[in-house]
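We count residues from 1, following the sequence as given.
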Amino acid sequence: MVGYNGPIYMTHPTKAIAPILLEDMRKVAVERKGETNFFTSAMIKDCMKKVIAVNLHQVVQVDNEIEIKAYYAGHVLGAAMFHIKVGTQSLVYTGDYNMTPDRHLGAAWIDRCRPDLLISESTYATTIRDSKRCRERDFLKKVHECVNNGGKVLIPCLALGRAQELGILLETYWERMDLKVPIYFAAGLTEKANSYYKMFISWTNQKIKKTFVRRNMFEFKHIKPFDKSYIDNPGPMVVFASPNMLQAGLSLHIFKKWAPFEQNMLIMPGYCVQGTVGAQVLGGAKKIEIDRQTVEVKLSVEYMSFSAHADAKGIMQLIQYCQPKNVLLVHGEGKKMDFLKNQIQTELGIDCFMPANGETAVIKTALPVHAVIDQGLLMKCKQKYEMNPPDPKRPCLVHGVLVVKDDVLTLMDSQKAADELGLPKQELILSCPVPLPDDSQPATALAKISNKVQKDLVNWEVVTRRDDSFCVQSVDVSLRQKDQSAKFEILVKWLYEDDELGNYILKMVKSVLEE
């Protein structure tokens, strides 16, 4: 419909599930709602012919400049974040992701790829969820109490993801408590989704993979397919039905039938967009207009977030893992996104953008400059670094001269650079005088500093002179009289190439004199 003829990249589970979901969407829009300007079944088939399936962490070269790599996103079966490189620039597009493992999927993961831009969803931009176990315990308790009192429980959810997550939770509980109350999945779409979970078991979490040989967790013993004729059946039951926000379909149909009865219960396990029946019910509405009919809401309503979207903590966590230069927030509510944007800029010091729908965001990025480091210079710097006391936080600084030769930028030793260019080497000497305290003896203070340096820099050659002045590499420490007065000071000087060592010894001199 949009005229795109290029390749479409998907993970293997997405490629398997996508045509089923697209066909279901087409049926709802065209056959139930009467939409006319919509894609056809033939278009879905043509679309799927363009699909190229990719594995996680597989680097795919799309053309001479574009390169893509998929990362596990949790959320639903087959969900992936994509790292896209174009020339020297790159971005990560997260799609929907979940940073917390659940009962059937693992947590999203990405390496420290440092993209120029991270485009992240922000559904729960200001939410930090409570303990998942407490939520699960509360969910099971409320469902059990409702069915014990003869009530019916409706759980609107998407066919893919939350249905399987909560299905495993109830299946395990029903088995443990030996309950006989029927649980139903909306027939058709959820059954097909379950079959793909069985097929792509390697995409699930570690626990499900370990128990797979003994038992497939998606082969439910207590959960059966639902038929519309069961809606008016007497007695308690639990039904999972789509869609998740009661905006149409089977879940809305069941809600209209069960809402007027106090013993029944509605559990909303995820986010509801403003304007949907789900949002109205959660807002406390006691009468709702549906299809020109007024529905009285007497059943009890519970909101328990089992959403597979990352919360605010998870979004911040992903940004810290990924270390992008810029962040762009999408898929969220304006005020909440604005709060998260300020948090990202304040706490992480990263520029953040949140353009409105249809707005163009211009994000300036610095182009990297590639240079070759001379091997001799690298070895020299490595040796110096290893001679210092061990410190995992100390960076290894490389001092050299950038030389352009044959269109190649090379960082090399200053002497080698001078020789290459046929120029005499010019040296920059840095110096810093440190005044002696009035109550200290100059010769004693210098001797004390010399002993401290020799003790700390055991791997370095410390050359000591008769007057107790000394040098380490180009770093020279000596005693000199201050101007024409009777006061003395310690003079520390060094070549710029030994700047790290010079500053290290200077700090040592100051600490000794302060003792």
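Side-chain N or O atoms of T276 include none that pairs as donor or acceptor with a backbone N or O of C272 at under 3.5 Å. Checked by atom type and distance alone, the side chain of K152 pairs as donor or acceptor with a backbone atom of N233 at under 3.5 Å. The backbone N or O of L299 lies less than 3.5 Å from no partner atom in the side chain of N264, so there is not a single donor-acceptor pair. No side-chain donor-acceptor contact under 3.5 Å links Q343 to the backbone of K341. Checked by atom type and distance alone, the side chain of D311 pairs as donor or acceptor with a backbone atom of G314 at under 3.5 Å. For the pair W258 (side chain) and G151 (backbone), a donor-acceptor distance under 3.5 Å is absent. A distance-only check finds a donor-acceptor pair linking the side chain of E121 to the backbone of Y97 [under 3.5 Å]. Side chain of K224 to main chain of K221: a donor-acceptor pair is present (N/O by atom type, distance under 3.5 Å, no hydrogens or angles). Under the 3.5 Å distance criterion, the side-chain polar atoms of D63 are matched with a main-chain donor or acceptor of I66. A donor-acceptor pair under 3.5 Å is absent between the side-chain atoms of T127 and the main chain of Y124, judged by distance alone.
Ion pairing between a basic and an acidic side chain is recognised when a charged N comes within 4.0 Å of a carboxylate O; D351 and K325 show no such pairing. Using a 4.0 Å cut-off between charged side-chain N and carboxylate O, K49 and D46 make a salt bridge. Between D116 and R114 no salt bridge is recorded (no basic side-chain N to carboxylate O distance below 4.0 Å).
Distance check: W109 CH2 to Y72 OH gives 13.5 Å after rounding to the nearest 0.5 Å. Note that CE of M177 and OG1 of T172 are 13.0 Å apart. Values are rounded to the nearest 0.5 Å. Interatomic distance, H104 NE2 to I168 CD1, rounded to the nearest 0.5 Å: 6.5 Å. Considering CD of E65 and NZ of K85, their distance stands at 13.0 Å, rounded to 0.5 Å. Within the model, atoms SG of C113 and CE of M81 stand 9.0 Å from one another, a figure rounded to the nearest 0.5 Å. For the atom pair K141 NZ and E136 CD, the distance stands at 15.5 Å (nearest 0.5 Å).
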message = side-chain contact (heavy atoms from CB on, under 4.5 Å) for I68 and V62? Distances and angles first, verdict last.
response = CA-CA 7 Å; I68 62 170; V62 178; 4.2 Å; yes

key: From CA spacing to verdict: side-chain contact (heavy atoms from CB on, under 4.5 Å), N326, L328   = CA-CA 7 Å; N326 300 278; L328 191 144; over 6 Å; no

message = Would C322 and R112 count as a side-chain contact (heavy atoms from CB on, under 4.5 Å) here? Give the steps.
response = CA-CA 5 Å; C322 191; R112 196 156 288 174; over 6 Å; no

ask   = Would F82 and Y71 count as a ring pair (Phe, Tyr, Trp, His ring centres under 6.0 Å) if you check the C-alpha gap in whole Å, the side-chain angles of each, and the deciding distance to 0.1 Å?
value = CA-CA 6 Å; F82 276 91; Y71 290 94; 9.0 Å; no

request  = Apply the test side-chain contact (heavy atoms from CB on, under 4.5 Å) to residues T126 and L340: give CA-CA distance (whole Å), side-chain angles for both, the deciding distance (0.1 Å), then the verdict.
outcome  = CA-CA 7 Å; T126 57; L340 181 61; 5.7 Å; no

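A donor and an acceptor atom, one from each side chain of N55 and H12, are located under 3.5 Å apart. In summary, the side chains of S41 and R26 do present a donor paired with an acceptor at a separation below 3.5 Å, with no hydrogens or angles considered.
With ring centers used as reference points, F185 lies 6.0 Å or more from F226. Side-chain rings of H144 and Y173 approach one another, their centers coming within less than 6.0 Å.
In this structure, the side chains of L117 and Y93 stay at 4.5 Å or more apart for every pair of heavy atoms.
Note: Y184 and Y230 have tilted aromatic rings, judged against thresholds of 30 and 60 degrees for the angle between ring planes.
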Less than 3.5 Å apart, which donor and acceptor atoms pair up between the side chains of residues 352-369 and the rest of the protein, not counting sequence neighbours?
{"residue": "E359", "atom": "OE1", "partner": "A356", "partner atom": "N", "Å": "3.0"}
{"residue": "T365", "atom": "OG1", "partner": "Q89", "partner atom": "NE2", "Å": "2.3"}

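Considering every non-hydrogen atom in both V273 and M245, the closest pair reads N-SD, 3.3 Å. The two residues G78 and P13 have their closest heavy-atom pair at CA-CB, 3.7 Å. Between Y4 and K50 the shortest heavy-atom distance is O-NZ, 2.6 Å. Minimum interatomic distance between T14 and A79 (heavy atoms only, all atoms of both residues): OG1-N, 4.5 Å. Shown here for M268 and N244, the closest heavy-atom pair between the two residues is CE-O, 3.4 Å. Across all non-hydrogen atoms, the minimal contact from P243 to P156 is O-CB, 3.6 Å.
Annotation for R176: atom CZ counts as buried by contact number, over 12 foreign heavy atoms lying within 6.0 Å.
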